[in-house]
Amino acid sequence: MPRIIEITDLSRPELDVFCRLTEAQLRNRLEPEKGVFIAESPTVIGLALDAGYEPLALLTERKFIEGKAAGIIARCGEIPLYTGEREVLAGLTGYELTRGVLCAMRRPRPRDFREVCAGARRVAVLENVVDATNVGAIIRSAAALGIDAVLLTPSCCDPLNRRAVRVSMGTVFQIPWAYIGEKPADWPNPGLGWLNGLGFKTAAMALREDSVSIDDEGLAAEPKLAIVLGTEGTGLTVRTIADCDYTVRIPMQHGVDSLNVAAASAVAFWQLRAK
């Protein structure tokens, strides 16, 4: 059973991880082995535990210890469990949005993109997608619609960002993901070349006159395809589009010029999934 610790003083340093550390501080880039992320809600925490992630500490209202948090608490072993009444915990930033329980968890060892692409037929590549909501939504769609792995360029939002984890509904723990390259200069080249070297054809999602429709039979026939999606607003860079094997568009109607990247990803994943 966990060590139950009653909260009476919100300034105690043990609570920093839940309410005062920035995402960058949680990630701890200088010492990744000490990095932490926050998972919210019994469902999401349960998926993280199923995937082998290590819990470090829990935070929940007292009334949930024998209620909605009971199953998670039983699975987490002898770790600190911070608790108190709602009136006390409401002083913690964002606590009202935690769906009953928060869990601080150890960040996993970074995976190499070659490792997550092993055996994959369809992968998504996110270029400079910085919004945590979009990253979480894209990962959820990828998991649901048959994408084997998600790759992120070095400038993308961290998939273990607290909001990204929440929006993904825990699918970030189910689908393999990795950064492709260690620095921004690694993308689009040599990154695209690395994907070609692994046998992938690359498909840039962009609305251009010289693009092929997303229902093109040649795309569907590709044995290994990397679907490349661009940042919010400006989309993919000109260089990325030029260096991909395909430029692919989702046909628009009623004068709509484009879809949000998360919505476009869902359409692309469904249409281009491996048959």
Side-chain angles (χ1 to χ4, degrees), residues 22-24 26-27 37-41 43-44 47-48 94 97-99 107 110-111 113 116 122-181 184 186-188 191-192 195 202-208 211 214 225-241 244 247-250 252 256-273:
T22 66
E23 288 291 340
L26 288 171
R27 189 171 181 175
F37 69 93
I38 303 296
E40 304 180 19
S41 87
T43 298
V44 171
L47 290 172
L97 303 177
T98 63
R99 304 180 186 180
R107 291 187 67 92
R111 302 181 70 178
F113 74 92
V116 303
R122 294 292 185 269
V123 300
V125 183
L126 311 189
E127 179 183 270
N128 306 333
V129 178
V130 298
D131 183 81
T133 298
N134 282 334
V135 169
I138 292 169
I139 289 174
R140 187 176 182 184
S141 292
L145 300 174
I147 299 301
D148 299 309
V150 175
L151 304 179
L152 305 102
T153 64
S155 297
C156 278
C157 171
D158 175 20
L160 293 181
N161 171 286
R162 180 168 162 176
R163 183 166 182 81
V165 170
R166 183 167 67 243
V167 173
S168 82
M169 290 298 294
T171 54
V172 68
F173 308 125
Q174 297 177 311
I175 188 168
W177 60 269
Y179 284 93
I180 181 164
D186 287 334
W187 184 266
L192 288 170
L195 288 170
T202 52
M205 299 301 302
L207 292 169
R208 288 169 51 117
S211 60
I214 196 170
L225 189 67
I227 303 163
V228 187
L229 297 144
T231 188
E232 303 86 349
T234 57
L236 293 171
T237 65
V238 173
R239 184 181 174 192
T240 296
I241 296 170
C244 280
T247 303
V248 182
R249 70 181 181 278
I250 299 172
M252 298 284 133
V256 177
D257 62 355
S258 64
L259 295 174
N260 166 272
V261 64
S265 73
V267 175
F269 297 161
W270 171 255
Q271 181 64 40
L272 299 177
R273 70 194 186 282

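No hydrogens, no waters, no symmetry mates; every other heavy atom, side chains included, goes into these values.
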Taking the side chain as C-beta and beyond, is there a heavy-atom pair between [X] and [Y] under 4.5 Å?
{"X": "L126", "Y": "V150", "result": "yes"}
{"X": "I227", "Y": "I147", "result": "yes"}
{"X": "L160", "Y": "V172", "result": "yes"}
{"X": "L145", "Y": "R273", "result": "no"}
{"X": "D158", "Y": "R107", "result": "yes"}

Regarding T237 and T240, do their side chains bring together a donor and an acceptor under 3.5 Å, going by distance alone? yes

Consider only side-chain N and O atoms of T133 and R163, and report whether a donor and an acceptor are under 3.5 Å apart. yes

Okay, side chain of [X], backbone of [Y]: is any donor-acceptor separation there less than 3.5 Å?
{"X": "D148", "Y": "V123", "result": "no"}
{"X": "E127", "Y": "T153", "result": "no"}
{"X": "R122", "Y": "L272", "result": "yes"}
{"X": "S141", "Y": "I138", "result": "no"}

Among residues at least two apart in sequence or on other chains, which ones pass side-chain contact (heavy atoms from CB on, under 4.5 Å) with V267? I214, I250, L259

Atom pair CG (L192) and CH2 (W187), whose distance is rounded to the nearest 0.5 Å: 4.0 Å

